[in-house]
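One structure is given below, encoded as structure tokens.
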Amino acid sequence: LKGTLPATVIVKKIKYSKQDKEKYTHQAALKVRELKKELSEARWKKDKKALSQKIKNYSKILKGKFTESLIQKLFS
């Protein structure tokens, strides 16, 4: 097996600066507030599920879990 597999390419992770993290947490806090207001007004179960999922994702960022995929998904 030695030498049969190609070398693994290591992908560098993006390091977020303190300012970026503060910006993202601030935006997430505003968005959570807005979504909670929408959730209280939502009538249908499918709408409530979608809103609660978004709230969960933004809450992850508020907790300090900055994953590349989550940041791209929410702020791009």
Side-chain angles (χ1 to χ4, degrees):
L1 270 174
K2 212 174 207 183
T4 58
L5 295 175
T8 307
V9 179
I10 298 171
V11 180
K12 271 198 159 189
K13 293 182 183 178
I14 296 175
K15 286 264 189 173
Y16 295 105
S17 66
K18 230 179 195 180
Q19 291 85 11
D20 288 340
K21 286 183 180 183
E22 283 180 21
K23 182 180 78 171
Y24 289 136
T25 50
H26 182 69
Q27 288 177 351
L30 293 175
K31 195 70 176 170
V32 165
R33 182 171 158 244
E34 184 182 305
L35 289 171
K36 281 187 177 181
K37 192 181 264 189
E38 281 183 44
L39 184 65
S40 66
E41 296 168 1
R43 183 172 175 191
W44 309 109
K45 186 178 180 180
K46 65 178 182 177
D47 296 335
K48 288 182 180 182
K49 271 190 166 186
L51 287 171
S52 61
Q53 183 63 39
K54 284 182 183 177
I55 290 171
K56 188 176 115 185
N57 285 337
Y58 281 110
S59 297
K60 253 187 185 177
I61 289 174
L62 288 175
K63 289 178 184 172
K65 310 245 187 236
F66 294 93
T67 59
E68 255 180 84
S69 58
L70 194 60
I71 296 282
Q72 278 185 331
K73 186 172 131 184
L74 297 175
F75 298 108
S76 295

Trace of the side chain to side chain contact (heavy atoms under 4.5 Å, CB included) decision for K65 with L70: CA-CA 9 Å; K65 310 245 187 236; L70 194 60; 5.8 Å; no

Can you give each donor-acceptor pair under 3.5 Å made by side-chain atoms of residues 33-46, sequence neighbours left out, with the distance rounded to 0.1 Å?
residue, atom, partner, partner atom, Å
E34, OE2, K31, NZ, 3.4
S40, OG, K37, O, 2.7

Does anything in residues 47-63 form a salt bridge (Lys or Arg N to Asp or Glu O under 4.0 Å)? List the pairs, not counting sequence neighbours. none

K18 side, atom NZ; D20 side, atom CG - distance, nearest 0.5 Å: 13.0 Å

Using a 4.5 Å cut-off between side-chain heavy atoms of Ile, Leu, Val, Met, Phe, Trp and Tyr, which other residues end up in the same hydrophobic cluster as V9? none

Partners of T8 by side chain to side chain contact (heavy atoms under 4.5 Å, CB included), sequence neighbours excluded? none

Mind checking side chain to side chain contact (heavy atoms under 4.5 Å, CB included) for I14 and listing every partner two or more places apart, or none if nothing turns up? Y16, E68

Pairwise distance OH(Y58) to CG(L74) - rounded to 0.5 angstrom: 4.5 Å

Which atom pairs, one a donor and one an acceptor, fall under 3.5 Å between side chains of residues 23-30 and the rest of the protein, sequence neighbours left out?
residue, atom, partner, partner atom, Å
T25, OG1, K21, O, 3.0
T25, OG1, E22, O, 2.8

